[in-house]
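In what follows, a single structure is set out as structure tokens and then discussed.
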Number of protein chains: 2
Amino acid sequence: MTIKEIAKLANVSLGTVDRVIHKRGKVSKETEKKILDIIDKVNYTPNIYARGLVLNKQYRIKALLPEFRQGQYWEMPVKGMQNAATNLSQFGIQLEVLYFDQNSVTSFNSAAKQLLSYKPDGVILAPVINFEAVKLSKKLKDAQIPYVLIDSLIQNSEPLSFIGQDAFQSGRLAAKLLCTEINLKGSISIISIKNNENYNSTLQQRIEGFKDYIANSDFIDQISLNESHIHVGSPDMPMAIENAIGTKENVDGVFVPSSMIHHVAAYVDRYRQRFPNLKMIGNDLIPNNIRHLEKGTIHYLIGQRPENQGYYALSSFYKHLVLGQRVAEDIYLPLDIITQENLKYYNNNFQYNF
Amino acid sequence: MTIKEIAKLANVSLGTVDRVIHKRGKVSKETEKKILDIIDKVNYTPNIYARGLVLNKQYRIKALLPEFRQGQYWEMPVKGMQNAATNLSQFGIQLEVLYFDQNSVTSFNSAAKQLLSYKPDGVILAPVINFEAVKLSKKLKDAQIPYVLIDSLIQNSEPLSFIGQDAFQSGRLAAKLLCTEINLKGSISIISIKNNENYNSTLQQRIEGFKDYIANSDFIDQISLNESHIHVGSPDMPMAIENAIGTKENVDGVFVPSSMIHHVAAYVDRYRQRFPNLKMIGNDLIPNNIRHLEKGTIHYLIGQRPENQGYYALSSFYKHLVLGQRVAEDIYLPLDIITQENLKYYNNNFQYNF
DNA sequence: TTGTATGCGTTATCAC
DNA sequence: GTGATAACGCATACAA
């Protein structure tokens, strides 16, 4: 059904129908009602091709993400975003990624300022520096620029959508797997490793979920927990790792609630004979972690499909801006459990998700 | 860059450019080369909107699948297909699903005949009745109708793409999880349950993978295996289950390489006190299986994202027919490990995969 | 308040 | 061999 046909049915010109559809006014109440009824009855949907052809709109989306080196976590969401950008370019979606230093508020603010100066049609934001992200989200709201949050949520925000993982549940799952692996008894070391100084709600929630699972299990008395915090790159990192896993009492399991588990795994691997039965579980399938999973140093990795997160983030804008569809508010990605056995098929078809 | 601009660059009319692009001939060698060079240099891609508008093509895709009742496995791929059909209808993709009785070759053949009479632009085929599916695939090839295979492959076929799972690897994964769960020792019962009489290569491969994992493990001597085959609906099914798991020696683990594990779970659940520590693993997250996973009767389910399989099947045709893109030949879906902990987030966003 | 005309980029037909 | 042109459905500027 086309506008022309609707116009004929309503005995008006297609200009009038168009004015009704786009609420441009200058139509009498009665003809408006008549046209709306017909539109409703025939279930009219505009032809996406004709619409796209005549509008010929370009939508500029800016992403604001932490800078990264090859093999680091943030490489993966970016890959997914760029993949989406390729597929969506024919629909006028344009992506540019701006980067900031996770340890520098100044760097974030200057990138944010630059971003706002572009007056983009949409923003993808990783709120790694929580407090500054909140301020930016307010500015975006004032400027009526829709934004998508990726990885973690921020307070009082009204994003077009949030795309990430339930961190608490992720921690619970890690606990279940690790406890089963160590046969429901022994000593577990939770090691929080970060490469920045910011408060990280995701890490925190994963740890809470981990503890919650054990606290509510019927083998709580059989498990002893200890927790440590390590900063990547600090000169005493080896000693910190040694303290976390090499104390007198044997540690049976290690949980690192971030992609940084490979640092511990490398240490364990170096002194393999000292840790013959240590079971390790962590997050994110970055190359360094995958290597240790293949080697057997790491036993489980929990994935959060970072490429898909990136892909979905841009897709949200395609749906919203191009198709005019309502988009899901919160998109929680599955908690993928990866072991040696299913590693090969993990996410090998994410590029197909369009 | 548009055809018009290319025409101007080449000092020809846009009709000539069009003839070159579509290889319609009637163009002199030299002008053809000149135009091709320009097209190549400016990296011309046709405007998808204008193209779609003028062609206004409808693509009729017919799917040929086993009939099912609510809650059965085939409901899920169909759901994914129909979801895709909704999203893709605006691009002219039309889907109709034809059903056949898995236990009736006649039913399959009459549905296949009907399908061919439609002269569809594409076919989605579930080769559940292997031999007949092979014959149909030949006819489709002769008629030059592209087809997508879903769930399992067939011999000597040349599908547009195959969408499914690596069944052997799925079996290996099941073995790993179950063996860990029973602490690498004990007695395991493999129960193959089917609701039809056809040879099922997927089941077979899963069982082989399962055995392969154990045969190549270092705890092979600690595990005893027995295997049984059961037909759903047969009056002696309870006794067959009893024989498989209720023998004198305790069975520690059960592996059912299909979505039919809930039949065993229901039996185990009814006589719970007799099987206090039985661990069970199976395939596919149909409602009956999910219920037993939540209850704890089933410990792991391996998912194969059937909705996504359906979605991808139709998407393949969108990519092939509408966008003219090359599509991936074999799409192996991830082997998802589902337990109580990550069940909630499993595949809750599959509808977003467009 | 309503109707008409033009153009978006591509395809396909027709005249030269 | 080549060029001109109508048509697809929609949005919009402008005429009435």
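None of these values were measured; they are calculated from a predicted model.
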Inset, instruction - Drop me the distance from B/Leu115's CG to B/Glu96's CD, to the nearest 0.5 angstrom. - result: 9.0 Å
Legend entry - Between the first and last five pairs of the helix from C/dT1-D/dA16 to C/dC16-D/dG1, the angle of the axes, rounded to 10 degrees: 60°
Inset, instruction - Sorted by first residue and then second, give each ring pair (Phe, Tyr, Trp, His ring centres under 6.0 Å) pair with at least one member in residues 28-57 of chain A; sequence neighbours left out. - result: A/Tyr49-B/Phe91
Legend entry - Criterion ring pair (Phe, Tyr, Trp, His ring centres under 6.0 Å) against A/Phe68, the qualifying member of A/Phe100, A/Tyr99, A/Tyr73: A/Tyr99
Inset, instruction - Please list, by residue number, the residues of residues 4-23 of chain A whose heavy atoms come closer than 4.0 Å to an atom of DNA chain C; answer none if no residue qualifies. - result: A/Val12, A/Ser13, A/Leu14, A/Gly15, A/Thr16, A/Arg19
Inset, instruction - Describe the nucleic acid contact of A/Leu53 in one word from base, sugar-phosphate, nothing, applying a heavy-atom distance below 4.0 Å. - result: base
Inset, instruction - Classify the nucleic acid contact of B/Val27 as base, sugar-phosphate or nothing, counting any heavy atom under 4.0 Å across all strands shown. - result: sugar-phosphate
Legend entry - Test log, rule ring pair (Phe, Tyr, Trp, His ring centres under 6.0 Å), inputs A/Tyr332 and A/Phe162: CA-CA 8 Å; A/Tyr332 284 97; A/Phe162 158 70; 5.7 Å; yes
Legend entry - Nucleic acid contacts - residues 34-46 of chain B versus DNA chain D, non-hydrogen atoms under 4.0 Å: none
Legend entry - Over all atoms of both residues, closest heavy-atom pair of B/Met81 and B/Leu314: O-CD2, 3.6 Å
Legend entry - chain A footprint on DNA chain C, 5' to 3' - any atom under 4.0 Å from a heavy atom: C/dT1 to C/dG9
Donor + acceptor pair across side chains of [X], [Y] (<3.5 Å):
{"X": "B/Tyr311", "Y": "B/Glu307", "answer": "no"}
{"X": "B/Gln70", "Y": "B/Glu75", "answer": "no"}
{"X": "B/Ser161", "Y": "B/Ser316", "answer": "yes"}

Inset, instruction - For DNA chain D, note the earliest and the latest nucleotide, 5' to 3', having some atom under 4.0 Å of a heavy atom belonging to chain A. - result: D/dG9 to D/dT12
